[in-house]
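One structure is given below, encoded as structure tokens.
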Amino acid sequence: MASEERLVGVVERVVYRSDESGWTVLELATDDEFHKVVGFLPAVQAGECLQLTGDWVEHARFGRQFKASGYEHSLPTDTDSVFRYLASGAIKGIGPATASSIVERFGEDTLRIMEEEPERLEEVRGITAARAQKIAQAYREQFGLREVILAFAAYGLTQSEALRCWKRWGAATVDTVRKNPYCLCSPGLRIGFERADRICMGMDRPADDPGRIEAGILHVLRHNLRNGHTCLPQDKLILASAQLLGVVEPLVAQTLEDMVHSFTVRTEQIDGRLFIFLPDMHTAERYIASRIRLMTGFHTAITPLIEKNLETAERQNNIHYQAQQRLAILSAIEKGVLILTGGPGTGKTTTLRAIIMLLEGLGERVEIAAPTGRAAKRIAELTGREARTIHRLLEVQWDDTDTPVFDRNEKNPLDADALILDEVSMVDVLLFDNLLRALRPGCRLILVGDTDQLPAVGAGRVLHDLIESRVLPMVELTEVFRQALESEIVANAHRIVKGDMPQLGNKTGDFFFLPQRSSTDTVDTVVDLCARRLPAGYGNSVFNGIQVLCPGRKGEVGTVHLNELLQAALNPPDPKKREWRGDNGLLREGDKVMHIRNDYDIVWTRDNGDTGTGVFNGDIGVLEKVDPREQSMHVRYDDRVAYYSWDQAQELEPAYAITVHKSQGSEFDTVVLPIYRNPVQLCYRNLLYTAVTRAKNVLVIAGSRETVQAMVQNNRKTLRYTGLGHFLRINEIGF
């Protein structure tokens with residue numbers, strides 16, 4: 001392996017720096033020329049001398065630049081460099097004019113004066129004692145991050161991790177971590193218990209240290225949030241924590257008892273068993289239950305006018321609402337809250353349109369929301385009304401730890417008389433809690449979902465618990481319309497839900513099965529379908545209508561491998577196409593890409609010239625431009641182009657193939673579904689059902705009949721420990 005190169009020079013200017021990640025672009029002056037340098041250089045300022053290690057890289061348009069992997073820096077010593085350093089804004093409170101006055105007074109001794117004798121800054125005209133003190137504090141803070149980076153390097157922590165900790169604790173960072181390394185497990189720092197534990201063990205602290213045991217217990221609870229659990233049985237939590245920590249269970253039990261007494265965790269007796277909650281989960285589920293109970297008390301009388309308006313709508317639209325549809329429509333008017341469920345082809349959309357029409361006829365302002373951008377777009381197209389994501393509806397902001405903070409809440413509620421929430425099965429506990437807090441008293445809530453879909457990615461099972469509690473009025477549409485049954489996609493979806501095998505032998509229609517002998521044959525068939533057969537037969541492409549859905553990411557039939565193959569077949573390397581490699585793989589101009597987290601800071605421009613901000617988790621587009629010179633990318637989403645910085649581009653990944661979980665709330669013209677010997681954890685009925693119901697016009701399954709059968713027969717839904725059902729049943733109202 002070739003050794004890294006070295007580059008030494010003085011920072012002429014900082015061209016760009018991300019305050020979030022520390023990624024920096026700067027110009028470095030050496031003895032003979034200027035060089036462009038990129039890398040993680042969060043504390044470097046103009047005028048400083050740098051000794052860099054790294055490699056020279058060549059970009060098609062940006063040219064030759066030095067990509068730094070490490071650096072050492074020293075403060076400037078000559079007066080010109082000192083002035084440039086201070087005038088750059090590195091020290092808060094010093095601009096070019098003040099920098100000139102300070103350097104004129106102290107010359108090359110300026111920085112020593114600022115560090116050792118800051119009171120002498122009062123000798124400079126215009127600097128008072130109070131201002132001198134502020135400048136000295138800002139100077140110390142400037143060097144605090146450098147100290148954190150050096151100290152953390154000894155612990156094996158990266159510079160970006162040091163930056164996140166510095167933002168959290170400032171000048172106290174090193175002392176805070178040395179006192180309790182387990183503070184590194186805090187949400188938002190993205191360091192984790194295992195690494196914090198290694199640091200602590202390196203300090204020769206005992207395995208039974210109370211701080212270690214408490215951190216281990218919290219780690220087990222937080223880790224299980226990702227498995228959907230809002231709480232854990234006490235006995236399971238103690239056992240799992242003891243195994244993780246390598247200590248005896250009584251020691252964990254004693255620490256847990258102390259945590260309960262200090263309110264670090266919460267407890268609840270559910271069906272004779274003690275459960276342990278993280279405080280935010282306990283608060284959220286209790287609030288949801290209380291607020292839902294309160295909402296069930298609101299009622300509106302059904303007047304003859306409403307009945308007449310409904311009959312008028314039937315005549316005008318040439319529709320005859322079924323009995324269950326009429327019940328749902330009138331219940332939405334009469335009740336404060338309603339659950340509307342039903343599978344494909346049962347008339348949910350028709351029912352929703354009638355509900356919206358009648359509510360608007362009463363003069364009520366109706367809002368429509370969904371968990372994801374694609375789900376919001378779909379329900380907007382189906383209802384003909386504007387729909388927004390829940391995050392957008394609640395006017396989300398993100399704090400330094402990437403935690404959502406909503407501007408719409410109890411103090412600033414939504415201006416809505418009724419809210420229709422679609423795809424409720426995808427909504428987790430914390431998001432639903434925040435949504436309810438933003439509803440003003442008397443606002444109706446119509447919850448729409450399909451309980452046979454996959455549960456939320458986040459913690460909880462909101463729709464399931466609400467239905468199972470039997471606290472809310474609910475209407476389930478079960479009768480499938482004759483027109484819908486003409487689709488084999490719809491018919492087979494209902495067969496799957498009932499536990500029956502879908503009909504796989506059809507040669508015509510909209511549902512096809514292509515048997516395969518191996519996983520290699522399966523992926524080859526998928527690539528051929530996307531590159532040749534489907535475009536030839538239906539006139540569409542992966543960029544316009546075709547979507548590959550995979551049960552999981554890993555393995556030969558997972559999204560990672562299939563994206564590599566599909567990218568090579570559909571958008572191969574080309575000297576005219578620029579590339580960029582991020583954490584989620586190689587991206588090339590012309591690639592189909594997906595945005596993988598909500599980001600409300602990304603700027604976009606519509607084709608008509610309108611501008612705005614925000615790209616949502618699950619949005620799919622095409623990478624139009626990679627611009628190394630500007631360190632940016634352009635991605636087209638339908639009629640708008642979004643502009644990404646290098647850091648924001650980490651939120652993109654190839655999207656020729658996506659997981660079934662990522663497809664929730666979406667609908668695609670043509671779905672290609674590779675199923676061949678799925679891992680056991682990805683071989684169950686509602687995953688198959690969710691995948692099938694994503695297809696609008698054509699579904700092609702390539703794979704093994706035996707695997708399809710195994711998925712249909714496995715109706716074991718993933719166990720989730722939650723408290724919402726319990727709180728709903730105990731009939732307790734209180735906040």
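Since this is a predicted model, take the numbers as computed values, not measurements.
Summarising the geometry, atom CD belonging to E653 is positioned 5.0 Å from atom CD1 belonging to I596; distances are rounded to the nearest 0.5 Å. Here the CG-CZ distance, from L394 to R408, works out to 9.0 Å after rounding to the nearest 0.5 Å. Of the inter-residue distances, the one linking D258 atom CG with I217 atom CD1 reads 9.0 Å to the nearest 0.5 angstrom. Atom-to-atom distance recorded for I420:CD1 and L338:CG is 10.0 Å, nearest 0.5 angstrom. For the atom pair OG1 (T351) and CG (L327), the distance works out to 10.5 Å, reported to the nearest 0.5 Å. A distance of 9.5 Å separates OG1 in T659 from CG in L682, rounded to the nearest 0.5 Å.
Closest non-hydrogen pair, W169 versus S186, comes out as CZ2-OG, 4.5 Å. Between A196 and L184, the shortest heavy-atom distance links the atoms CB-CB, 4.1 Å. What you find for A649 and M633 is that their closest heavy atoms are CB-SD, 3.8 Å. Between S262 and T264, the shortest heavy-atom contact is OG-OG1, 2.8 Å. Across every non-hydrogen atom of L359 and A418, the tightest pair is CD1-CB, 3.8 Å. Closest of all the heavy-atom pairs between R365 and D417 is N-OD2, 2.7 Å.
Within the 4.5 Å cutoff, no side-chain heavy atoms of I602 are placed close to those of T613. In this structure the side chain of D407 reaches within 4.5 angstrom of the side chain of Q397, judged on heavy atoms. Looking at heavy atoms from C-beta onward, E367 lies out of side-chain contact with L414 at the 4.5 angstrom threshold. Side-chain contact between L225 and M281 is present, with at least one heavy-atom pair separated by less than 4.5 Å. Looking at V337 and R444, their side chains never come closer than 4.5 Å, going by heavy atoms from C-beta outward. Side-chain contact between L239 and V252 is absent, with no heavy atoms from C-beta onward closer than 4.5 Å. Considering only heavy atoms from C-beta on, H661 comes within 4.5 Å of L687 through its side chain. The shortest distance between side-chain heavy atoms of T230 and F277 falls below 4.5 Å.
One side chain, N492 or R495, offers a donor N or O that lies under 3.5 Å from an acceptor on the other. Side-chain contact, Q325 with K348: no donor N or O sits under 3.5 Å from an acceptor N or O. For the residue pair D465 and T722, a side-chain donor N or O sits within less than 3.5 Å of a side-chain acceptor on the partner.
A cation-pi arrangement is found for R286 relative to F727, the charged atom lying closer than 6.0 Å to the ring centre and inside a 45° cone about the ring normal.
Q234 pairs by the side-chain contact (heavy atoms from CB on, under 4.5 Å) definition with I238, L256, L274, I276, not counting sequence neighbours. Remark: A695 pairs with I489, V671, L699 by the side-chain contact (heavy atoms from CB on, under 4.5 Å) rule, at least two apart or across chains. Judged as a ring pair (Phe, Tyr, Trp, His ring centres under 6.0 Å), and not counting sequence neighbours, the contacts of F193 are Y182, H219. Partners of A710 by side-chain contact (heavy atoms from CB on, under 4.5 Å), not counting sequence neighbours, listed by chain and number: C683. Residues meeting the side-chain contact (heavy atoms from CB on, under 4.5 Å) test with C550, sequence neighbours left out: V548, T559, L562, A657, P674. In this view, H229 and Y721 satisfy the ring pair (Phe, Tyr, Trp, His ring centres under 6.0 Å) rule, not counting sequence neighbours. Evaluation of the ring pair (Phe, Tyr, Trp, His ring centres under 6.0 Å) rule for Y644 yields H595 as partners, not counting sequence neighbours.
Put simply, the side chain of S663 never gets that close to the backbone of S666: no donor and acceptor are under 3.5 Å apart. Not a single donor-acceptor pair under 3.5 Å links the side chain of R461 to the backbone N or O of L719. Looking only at distances, no side-chain donor or acceptor of R694 sits under 3.5 Å from a matching main-chain atom of Q664. A donor-acceptor pair is defined here as one N or O able to donate and one able to accept, closer than 3.5 Å; such a pair exists between the side chain of N584 and the backbone of L652. Using a distance-only test at 3.5 Å, with no hydrogens or angles considered, a donor-acceptor pair links the side chain of R685 to the main chain of V497. Under a 3.5 Å cut-off, the side chain of T283 and the backbone N or O of D280 do not form any donor-acceptor pair. The backbone N or O of V615 lies less than 3.5 Å from no partner atom in the side chain of W604, so there is not a single donor-acceptor pair.
A salt bridge does not link E410 to R440: none of the charged side-chain nitrogens sits closer than 4.0 Å to a carboxylate oxygen. Using a 4.0 Å cut-off between a side-chain N of Lys or Arg and a carboxylate O of Asp or Glu, D433 and R291 do not qualify as a salt bridge. In this structure, D619 does not pair ionically with R374, as no charged nitrogen and carboxylate oxygen lie closer than 4.0 Å.
Counting only residues at least two apart or in different chains, salt bridge (charged side-chain N to carboxylate O under 4.0 Å, His left out) contacts with residues 260-269 are absent. Within the structure, salt bridge (charged side-chain N to carboxylate O under 4.0 Å, His left out) contacts touching residues 215-243 (residues at least two apart or in different chains) are D235-R273. A ring-ring contact (aromatic ring centres under 6.0 Å, His included) check over residues 403-449, counting only residues at least two apart or in different chains, returns the pairs H391-F406.
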Using atom types as modelled, flag every donor-acceptor pair under 3.5 Å from a side chain in residues 421-428 to any protein atom, sequence neighbours excluded.
from, atom 1, to, atom 2, distance (Å)
D428, OD1, L430, N, 3.2
D428, OD1, L431, N, 2.9

Got a list of side-chain donor-acceptor pairs under 3.5 Å for residues 446-457, not counting sequence neighbours?
from, atom 1, to, atom 2, distance (Å)
D450, OD1, D452, N, 3.0
D450, OD2, Y689, OH, 2.5
Q453, OE1, T690, OG1, 3.1

Test log, rule side chain to side chain contact (heavy atoms under 4.5 Å, CB included), inputs T389 and L393: CA-CA 6 Å; T389 66; L393 181 73; over 6 Å; no
Derivation and outcome, side chain to side chain contact (heavy atoms under 4.5 Å, CB included), residues L549 and F668: CA-CA 10 Å; L549 301 183; F668 307 99; 4.2 Å; yes
Stepwise side-chain hydrogen bond (donor to acceptor under 3.5 Å, both in side chains) test for T478 and Q324: CA-CA 8 Å; T478 57; Q324 288 300 101; over 6 Å; no
Chi angles and distances behind the side chain to side chain contact (heavy atoms under 4.5 Å, CB included) call for I368, L352: CA-CA 10 Å; I368 305 174; L352 277 180; over 6 Å; no
Step-by-step side chain to side chain contact (heavy atoms under 4.5 Å, CB included) determination, Y287 to R437: CA-CA 9 Å; Y287 178 86; R437 292 177 186 274; 3.4 Å; yes
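No more than 12 heavy atoms of other residues, nucleotides or ligands lie within 6.0 Å of CZ in R553, so this atom counts as exposed by the packing criterion.
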